[in-house]
Amino acid sequence: MNQTEKPTALIMIFGATGDLANRKLFPSLYQLYQKGNLDRFAVIGVARRSLTDEQFKQNVKDSVLSAENSSENIDEFISHFSYHSHDVTDSSSYTALNQLAEELDNRFKLNGNRIFYLAMAPEFFGTIAEHLKKDGLTNVKGFKRLVIEKPFGHDLESAKKLNKQIRTAFSENEIYRIDHYLGKEMVQNIEVIRFANAMFEPLWNNRYISNIQITSSEVLGVEERGRYYEKSGALRDMVQNHMLQMVALLAMEPPIRLTTDEIRSEKVRVLRSLRQVTGEDVGKYFVRGQYGEGVVNGEQLPAYRNEDMVDPESTTETFVAGKLMIDNFRWAGVPFYIRTGKRMLTKQTKIVIQFKDIPMNLYYQTEQTLAPNLLVIHIQPEEGITLHLNAKKFGQSLDATPVKMSFANKGINGMNTPEAYELLLFDCMRGDATNFTHWDEVALSWSFVDNISNAWRNMKETSFPNYESGKMGPQAAHELLEKDGFHWWPVTTLDVETCN
Ligand code: BG6
């Protein structure tokens, strides 16, 4: 399908009464509808709870109204929604679902195109996929696609098992594994910044870049997700997917074409070049942390171990910092530092590319050492890029002083960036899998991360909690860079300034 064609499909959302459907999926579909991006479509909400169509439609309406400023055409929009109360293990429930699907297909003329969106507890992913095939739902005359939320397994073994189950019903190119970071405007912009600018790509290598830093920090704690998070921790929750995906986009070679296969295969090559860190070396490359109590904005916050559904002696990490080495010709010797965690100082995701110092500093007379050039990519909440340069100080001196050139997405376009889910849903409906993760990426990411979690499991960690809520992680995360002669660029002083 080309970029301008509008998709036609029946979307079945499994987990339609859940948080993701209500907070993200319904408002995103509404946005697509309002922008005229959907041609013919219908949605079946699938969940265990027993609800009438009318009750479900009201839920969809409420969720749109609480997320959007507009309610234009809302009644027309919800007329495309139906509800099916479902038992995921019972074939007769799938048969009834199939009947409803066929009825809607005829009524809305959907060409037999079906999207199955699994927005629910991962333990049912495999069972559902198997039933979809067994009970005839994947037997369609149009396209069939499976959209699957994370976590995709909790290690390589379980991910392989799940993949095998879903592959019985869908081929690899029918599977859309969500990593919502790939739907973020500025994550998608990484490729454009790199490959559409003559001034960056020639410098994008170990001759000119000294290190790259990726920070994704959150202020929120584990909230009501203790049960899931206890088994996951920051490594599986954020590093295995979002952080490694950003590393891959920053480090990949220019693809020969901007097609899904070419881009994915370049990303896979990066993940294959990651230096595997195992056993005792893990302590040299990775730091883990867990938040203790603290006061943030005058509010006393509990330690992780005192959160709901969390073991009072938990050794689950809520923070990870790591040094990744990519052993290929372009990146040999350049550390990619990553850090991510909960209950940190600010909510933001930023990438800092630090260029090497110029060969000779002519401005050494000044007390100040010359600041390195930095390219900062602001992923969220600000969206834009800032280039840190040195320029002459105003006045009679010849001293150099740091200056910043910024491009702020929102400031320029004057509009809100589409929600990641809006872009991803639209891509899936159009059959564009570029911004979804291929099985090879998932498998390579798990095998990298499994080495680290295995080593951690074997090390006795006694010093948790090791950072106060509201701080940027434990001291060891700073030492990780200091021993290489670097430091984390403070995230709070790199705010985007608009150009106008
Ligand atoms: C999710 C994690 O994948 O990403 C959450 O499961 C985390 O724990 C979230 O809070 C962060 O996403 P964002 O878009 O707010 O940076």
Side-chain angles (χ1 to χ4, degrees), residues 15 18-25 27-28 67 118-123 125 147-154 159 176-190 214-247 249 288-291 301 304 307-310 314 316-320 338-351 377-383 409-410 416-425 435-437 441-442 445-446 449 453 469 472-473 491:
D19 193 49
L20 181 77
N22 281 290
R23 278 192 313 114
K24 304 284 186 190
L25 304 183
S28 298
L118 308 191
M120 58 185 307
E123 57 264 37
F125 289 169
V147 185
I148 190 159
E149 281 288 334
K150 69 175 264 269
F152 198 90
H154 59 267
Y176 290 68
R177 297 180 193 81
I178 295 255
D179 181 319
H180 77 282
Y181 268 55
L182 297 181
K184 291 185 191 283
E185 190 71 28
M186 288 306 296
V187 172
Q188 297 188 355
N189 216 332
I190 294 173
I214 310 174
T215 300
S216 193
S217 58
E218 295 187 73
V219 174
L220 289 180
V222 72
E223 309 301 294
E224 65 292 335
R225 294 165 74 221
R227 190 200 303 269
Y228 152 77
Y229 201 84
E230 271 288 87
K231 292 205 206 95
S232 148
L235 186 69
R236 294 186 172 92
D237 188 48
M238 292 291 292
V239 176
Q240 185 271 340
N241 37 66
H242 314 319
M243 303 303 279
L244 287 181
Q245 283 292 323
M246 287 191 280
V247 169
L249 288 168
R288 55 181 163 163
Q290 189 192 74
Y291 62 83
L301 297 168
Y304 175 71
E307 300 274 21
D308 265 2
M309 323 270 247
V310 170
S314 172
T316 298
E317 78 288 350
T318 61
F319 173 95
V320 176
I338 57 169
R339 64 178 164 167
T340 181
K342 298 209 180 275
R343 279 271 189 265
M344 293 170 69
L345 178 64
T346 51
K347 163 82 186 164
Q348 53 189 321
T349 304
K350 270 183 186 148
I351 298 168
I377 305 178
H378 308 260
I379 307 285
Q380 62 182 13
E382 313 98 353
E383 297 180 313
N409 224 12
K410 285 189 178 155
N416 280 339
T417 315
E419 174 64 60
Y421 276 94
E422 182 186 332
L423 297 176
L424 295 175
L425 271 166
N435 293 314
F436 295 81
T437 35
E441 297 171 68
V442 174
S445 303
W446 273 127
V449 155
S453 45
S469 284
M472 290 307 280
V491 286

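Whatever order the structure lists them in is the order used to number ligands and atoms, beginning at 1. Sequence positions, counted from 1, serve as the residue numbers for this chain.
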Is it true that the side chains of Y304 and E317 contain a donor and an acceptor less than 3.5 Å apart?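 Short answer, no.
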Among side-chain atoms of T349 and Q380, is any donor-acceptor pair under 3.5 angstrom?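 T349 vs Q380: donor-acceptor pair found between side chains.
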Atom indices of ligand 1, in the order listed, that fall short of 4.0 Å to a heavy atom of [X]:
X	value
Y181	12 (O), 13 (P), 14 (O), 16 (O)
K342	5 (C), 7 (C), 8 (O), 10 (O)
D237	2 (C), 5 (C), 6 (O), 8 (O)

Which residue and non-hydrogen atom of the protein lie closest to [atom], and at what distance in Å?
atom	value
atom 3 (O) of ligand 1	H242 NE2, 2.7 Å
atom 7 (C) of ligand 1	E218 OE2, 3.4 Å
atom 12 (O) of ligand 1	H180 NE2, 3.1 Å
atom 14 (O) of ligand 1	K184 NZ, 2.6 Å

Could you go through L425 and V147, starting from their C-alpha distance and side-chain angles, then the distance that decides it, and tell me whether this counts as side-chain contact (heavy atoms from CB on, under 4.5 Å)? CA-CA 9 Å; L425 271 166; V147 185; over 6 Å; no
Answer yes or no: is there a donor N or O on one side and an acceptor on the other, between the side chain of E230 and the main chain of T316, under 3.5 Å?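 The answer is no, because no donor-acceptor pair under 3.5 Å joins these two groups.
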As a test of understanding, state which of N241, D237, D179 forms a side chain to side chain donor-acceptor pair (under 3.5 Å) with K150.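 Only one of N241, D237, D179 forms a side chain to side chain donor-acceptor pair (under 3.5 Å) with K150, namely D237.
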Is there a nitrogen or oxygen of [X] sitting under 3.5 Å from a nitrogen or oxygen of ligand 1?
X	value
S216	no
Y228	no
Q380	yes

Part of Y229 within contact of ligand 1 (heavy atoms, under 4.0 Å):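 Neither part.
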Of K150, K347, E419, Q348, which has the heavy atom at the shortest distance from atom 13 (P) of ligand 1?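 The residue whose heavy atom sits nearest atom 13 (P) of ligand 1 is K347.
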In terms of relative ring orientation, are H180 and Y421 parallel, tilted or perpendicular, with 30° and 60° separating the classes?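 H180 vs Y421 ring planes: parallel.
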Please step through side-chain contact (heavy atoms from CB on, under 4.5 Å) for the pair Q245 and E441, ending with a clear verdict. CA-CA 9 Å; Q245 283 292 323; E441 297 171 68; 3.0 Å; yes
Does some side-chain heavy atom of F436 sit less than 4.5 Å from a side-chain heavy atom of L182?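 Not in contact.
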